[in-house]
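Heads up, the thing below is written out as structure tokens.
Hydrogens, waters and symmetry mates are skipped; everything else that's a heavy atom, side chains included, is used. Numbers restart at 1 for each chain; the letters A, B, ... are given by sequence-line order, proteins then strands.
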Amino acid sequence: MAGVAGSNPAAPKILHAASLPRGKMMNENKYSLETLRHSAAHIMAAAVQRLYKDVRFAIGPSIENGFYYDFDLEAAIRPEDFKKISAEMQKIIKEKLPFRRYSLKKAEALKFFSEKGQIYKTELINEIKDEELSLYELGDFTDLCRGPHIEHSGELRNFQLLDIAGAYWRGSEKNKMLQRVYGTAFFTKDDLMKYVKFLEEAKKRDHRVIGKHLFSIHPESGPGLIYWHPDGAQLLEIIEGFWKKEHLRNGYQLVRTPHVASEELYRISGHLENYSEMMYSSMDIEGKPYRVRPMNCPGHIKIYSSSLHSYRDLPVRLAELGTVYRFEKSGVLHGLLRVRGFTIDDAHIIVSEEQVMKEIESVFDFALKFLSAFGFKEFKIYISTRPEKKYVGDLKNWALAEDALRKAVESKNIDYEMDEGGGAFYGPKIDIKIKDALGRLWQCSTIQFDFNLPDRFSMFYIDEKGEKRTPFMIHRAILGSIERFVGMLTEQYAANFPLWLAPQQLRIVTINEKNIVAAEKILERLLDAGIRVSLDSRNLSLNKKIRNAITEHVPYVGIIGDKEADSGNIALRDRKADVGSFSAEDLIKKFRDGIDNLQ
RNA sequence: GCCGGCGUAGCUCAGCUGGUAGAGCAGCGGUUUUGUAAACCGCUGGUCGGGGGUUCGAUUCCUCUCGCCGGCUCCA
């Protein structure tokens with residue numbers, strides 16, 4: 001449907017919406033929501049078959065929040081066509097067509113679909129091992145399908161088509177691009193409306209719309225490159241200041257490393273070999289090739305290796321808000337969430353084998369505490385283990401590292417999922433996803449072992465016996481990319497940041513000209529106290545100035561009229577209403593408490 | 001990169017089947033001096049993303065290109 005937005009930001013993905021009926025939930029009948037949605041996909045396919053000529057059907061599963069079906073057809077389906085397709089679906093629903101199951105021999109099924117020219121179905125059948133397989137018939141639409149389904153089409157009541165998109169057959173960009181139509185279905189009208197509302201709410205919070213005052217992107221300077229405006233830069237300043245303070249308090253040392261380096265460095269690190277498709281091409285500096293950095297690790301390693309380290313020095317924790325540049329295909333760029341230049345809140349921890357377990361636990365702990373300071377309380381954890389084939393490092397180390405990751409997570413009593421074989425070639429990792437105010441999951445933190453770089457850079461420390469030993473290295477980022485994190489925060493709070501994060505905390509407004517002098521005095525006082533405050537003494541109505549402050553997402557407005565000019569107090573209101581009158585001291589204290597509570 | 005859609009003032013948007021553009025907000029100038037979310041009047045502002053083409057004439061049609069949006073693939 002044209003009016004209802006296409007749901008989710010491209011990346012990170014919204015994995016599910018909270019408080020919506022999902023998964024295994026049964027209705028009063030015998031069906032799961034998946035069954036309902038999967039049946040809805042069949043009904044949609046049947047409608048498409050009626051409306052379009054020469055449709056080839058690919059697959060049509062139920063997904064997290066609905067269903068889709070992939071079609072291969074000449075004519076392009078456009079959002080305007082949803083009305084037509086929905087109407088045809090309604091007809092099918094009215095017809096109460098039964099879903100009939102047929103069991104066929106593989107050869108028969110092959111014959112059936114190849115006669116219809118359904119090449120995708122025959123491809124699928126050829127890969128099925130069983131000799132018997134099932135087809136489901138719905139009117140004149142018959143599909144290869146394991147089932148189960150609802151009894152008849154009349155049981156689908158509440159559905160909506162949402163989006164149309166291109167999708168590669170079997171998800172590979174080498175294959176043909178098909179047309180995917182997304183929709184959703186629920187048991188009750190109420191649930192459907194709730195979901196549509198959720199999509200609308202998510203759209204309203206889109207950081208690209210609501211965060212226009214924070215940043216911009218300029219085509220003539222290049223897509224995926226962020227310009228931070230005063231409010232945005234102020235927000236970064238606050239986040240980064242908090243980040244630095246907390247890192248220093250937790251045993252990290254801050255470092256800074258160059259944004260470009262000779263190719264030699266990336267040859268040693270293996271980036272040229274393994275990561276070059278993400279790197280910008282080389283630039284010539286006095287005949288030598290240089291590269292803009294895609295990662296910060298080599299720089300941190302150079303710092304580690306420029307002095308000798310005793311086992312007593314470990315762990316060494318080097319941290320940097322390191323801006324990196326990576327080539328991302330134009331089609332994947334998305335506001336602040338997916339960009340070409342971004343800042344990783346990066347750290348590399350060099351530890352001995354004996355320290356690994358404890359260190360992982362404390363990093364994990366630190367990450368959770370850090371994120372919860374920003375108002376995120378719910379997390380989902382993924383542990384990714386060694387890939388089957390492509391990996392470096394010995395099995396003993398992998399086992400040790402994987403064990404450390406698992407124990408760290410288990411010690412926190414948080415649910416986690418294993419992603420077997422999902423680790424990087426250089427080591428296993430923990431990813432932390434956070435759940436936002438709308439129940440969406442976002443990937444930020446990652447804690448990764450690296451069995452590759454210590455070796456490549458011949459890193460070592462001197463052990464108790466005076467012998468050189470290769471340390472373990474852990475990469476970790478808590479916020480991930482600061483750009484992405486700000487994007488998420490903006491959506492989490494709908495740009496109404498809590499006091500400690502608000503780029504502007506207070507707007508003082510005057511009622512008439514006579515109050516300006518008093519207001520300026522108070523302004524100076526509050527500025528001295530470190531409050532992020534500004535004064536609006538323009539010749540506008542009080543209401544207008546309040547409205548401006550609120551629409552600019554300033555959390556508090558301090559009003560100075562004749563009464564306040566006399567008493568020296570400030571009449572304070574938040575985004576909703578009057579919250580009382582305060583002396584400058586009280587107000588400063590209140591604001592400081594607001595800040596300190598969170599830190 | 002791929003499929004589809006979109007691109008009109010700083011912002012949000014109108015502009016029917018081709019006859020060189022309009023509104024609200026913002027900005028500027030006045031009037032007004034205001035008590036908790038938009039005072040009033042006036043004015044300025046656009047080579048209709050860019051190039052090429054069709055046409056007597058294109059914001060409107062065709063084409064190329066750039067960018068954006070929704071997905072796919074990929075990822076912090």
Side-chain angles (χ1 to χ4, degrees), chain A residues 2 4-13 68 70 72 76-81 162-182 203 206 208-209 212-213 216-220 222-224 277-278 294-295 322 324 326-346 431 442-446 448 475 477-485 487-488 509-516 538-551 557-564 571-579:
Chain A
V4 176
S7 59
N8 314 337
K13 251 196 158 36
Y68 68 78
D70 285 347
D72 179 7
I77 299 177
R78 289 181 298 173
E80 304 91 274
D81 301 324
L162 296 171
D163 251 316
I164 173 94
Y168 298 107
W169 166 237
R170 317 206 95 172
S172 165
E173 52 187 331
K174 295 197 181 81
N175 292 338
K176 183 163 187 189
M177 176 139 306
L178 310 172
Q179 301 188 57
R180 174 171 299 177
V181 178
Y182 284 96
K203 194 186 179 193
D206 189 325
R208 292 164 302 178
V209 176
K212 273 193 194 310
H213 60 303
S216 57
I217 298 167
H218 303 274
E220 61 274 41
E277 71 282 6
M278 296 297 286
M295 290 191 194
V324 298
R326 296 182 186 173
F327 169 71
E328 296 284 356
K329 293 174 182 175
S330 58
V332 307
L333 300 173
H334 184 94
L336 294 173
L337 301 182
R338 191 78 181 268
V339 295
R340 285 182 174 160
F342 60 99
T343 303
I344 303 174
D345 67 315
D346 218 349
D431 289 325
W442 309 79
Q443 149 103 56
C444 335
S445 312
T446 180
Q448 312 184 341
H475 307 248
I478 296 178
L479 305 177
S481 139
I482 307 233
E483 287 74 7
R484 176 179 287 184
F485 192 73
M488 292 173 30
V509 302
T510 50
I511 294 183
N512 64 46
E513 265 177 353
K514 293 174 292 179
N515 313 135
I516 293 178
R538 291 176 299 171
N539 179 14
L540 297 172
S541 70
L542 175 64
N543 280 345
K544 185 55 182 264
K545 286 190 274 195
I546 289 171
R547 184 185 151 82
N548 283 345
I550 292 171
T551 53
V557 180
I559 293 151
I560 307 296
D562 293 342
K563 267 188 278 177
E564 288 72 23
L572 198 65
R573 65 160 288 153
D574 63 15
R575 293 175 174 119
K576 296 237 164 64
D578 194 342
V579 293

In whole Å, what separates the [atom1] atom of [N] from that of [M]?
N: B/rA9; M: B/rU65; atom1: C1'; answer: 24 Å
N: B/rA23; M: B/rA14; atom1: C1'; answer: 7 Å
N: B/rC61; M: B/rC16; atom1: P; answer: 10 Å
N: B/rA39; M: B/rG35; atom1: C1'; answer: 15 Å
N: B/rG70; M: B/rU63; atom1: P; answer: 25 Å
N: B/rG52; M: B/rA26; atom1: C1'; answer: 36 Å
N: B/rU54; M: B/rC62; atom1: C1'; answer: 7 Å
N: B/rG49; M: B/rG7; atom1: C1'; answer: 6 Å

Worksheet, complete the sentence: On a heavy-atom basis, the closest approach of A/Arg170 and A/Asn175 is CB-ND2, 4.0 Å
Worksheet item: At their closest point, which heavy atom of A/Lys545 faces which heavy atom of A/Thr510, and how far apart are they?
Response: NZ-O, 2.8 Å
From the list [options], which nucleotide is the closest neighbour of the side chain of [X]?
X: A/Val332; options: B/rA76, B/rU73, B/rA38; answer: B/rU73
X: A/Asn543; options: B/rA38, B/rC74, B/rG35; answer: B/rA38
X: A/His334; options: B/rA39, B/rG70, B/rC72; answer: B/rG70
X: A/Arg180; options: B/rC72, B/rG70, B/rU36; answer: B/rC72

Base, sugar-phosphate alone, or nothing: which one does [X] contact when heavy atoms must sit under 4.0 Å apart?
X: A/Ile511; result: base
X: A/Ile217; result: nothing
X: A/Glu483; result: nothing
X: A/Gly331; result: base
X: A/Val509; result: nothing
X: A/Tyr182; result: sugar-phosphate
X: A/Ala577; result: nothing

Fill in: Dot-bracket summary - RNA chain B, pairs being Watson-Crick or G-U whose distances fall under 3.5 Å, with | when paired to another strand
(((((((..((((.....[..)))).(((((.......))))).....(((((..]....))))))))))))....
[X] [atom1] to [N] [atom2]: how many Å, rounded?
X: A/Lys329; N: B/rC68; atom1: NZ; atom2: C1'; answer: 19 Å
X: A/Met295; N: B/rC75; atom1: CE; atom2: P; answer: 11 Å
X: A/Glu328; N: B/rC72; atom1: CD; atom2: C1'; answer: 15 Å
X: A/Lys174; N: B/rU73; atom1: NZ; atom2: C1'; answer: 11 Å
X: A/Ile482; N: B/rA76; atom1: CD1; atom2: P; answer: 16 Å
X: A/Trp442; N: B/rC75; atom1: CH2; atom2: C1'; answer: 15 Å
X: A/Leu337; N: B/rC68; atom1: CG; atom2: P; answer: 14 Å
X: A/Asn175; N: B/rC2; atom1: CG; atom2: P; answer: 16 Å

Is any side-chain N or O of [X] under 3.5 Å from a base N or O of [N], one able to act as donor and the other as acceptor?
X: A/Glu277; N: B/rG1; answer: no
X: A/Arg326; N: B/rC74; answer: no
X: A/Gln448; N: B/rA76; answer: no

With [X], which residues qualify under side-chain hydrogen bond (donor to acceptor under 3.5 Å, both in side chains), at least two apart?
X: A/Asp206; value: A/Arg208
X: A/Ser445; value: none
X: A/Ser330; value: none
X: A/Asp72; value: A/Tyr120, A/Lys176

[X] side-chain N/O to [N] phosphate OP1/OP2 under 4.0 Å:
X: A/Ser481; N: B/rA76; answer: no
X: A/Tyr168; N: B/rC74; answer: no
X: A/Arg573; N: B/rA37; answer: yes
X: A/Ser330; N: B/rG1; answer: yes
X: A/Arg208; N: B/rG70; answer: yes

Judged by atom type as modelled, is there a donor-acceptor pair below 3.5 Å linking the side chain of [X] to the main-chain atoms of [Y]?
X: A/Arg340; Y: A/Glu328; answer: yes
X: A/Asp346; Y: A/Ala477; answer: no
X: A/Glu483; Y: A/Thr343; answer: yes

Worksheet item: Ion pair present between A/Arg180 and A/Asp70, side-chain N to carboxylate O less than 4.0 angstrom?
Response: yes
Going by salt bridge (Lys or Arg N to Asp or Glu O under 4.0 Å), name the residues that satisfy it together with [X], two or more places apart in sequence or in a different chain.
X: A/Asp574; value: none
X: A/Arg326; value: none
X: A/Lys514; value: A/Asp562
X: A/Arg547; value: none

Give me, pair by pair, the N or O atoms of the protein and of nucleotides 3-13 of chain B that are less than 3.5 Å apart, along with how far apart they are.
residue, atom, partner, partner atom, Å
B/rC3, O2, A/Gly166, N, 3.2

Practice prompt. Output all residues satisfying ring-ring contact (aromatic ring centres under 6.0 Å, His included) with A/Tyr182, sequence neighbours left out; order by chain, then residue number.
Written response: A/Tyr68
Worksheet item: Taking protein heavy atoms under 4.0 Å as touching, what does nucleotides 25-31 of chain B look like 5' to 3' if B marks base contact, S marks sugar-phosphate-only contact and - marks none?
Response: -SS----
Discussion item. Closest-nucleotide mapping onto RNA chain B: is A/Gly171 or A/Gly561 further toward the 5' terminus? I mean the 5' end.
Written reply: A/Gly561
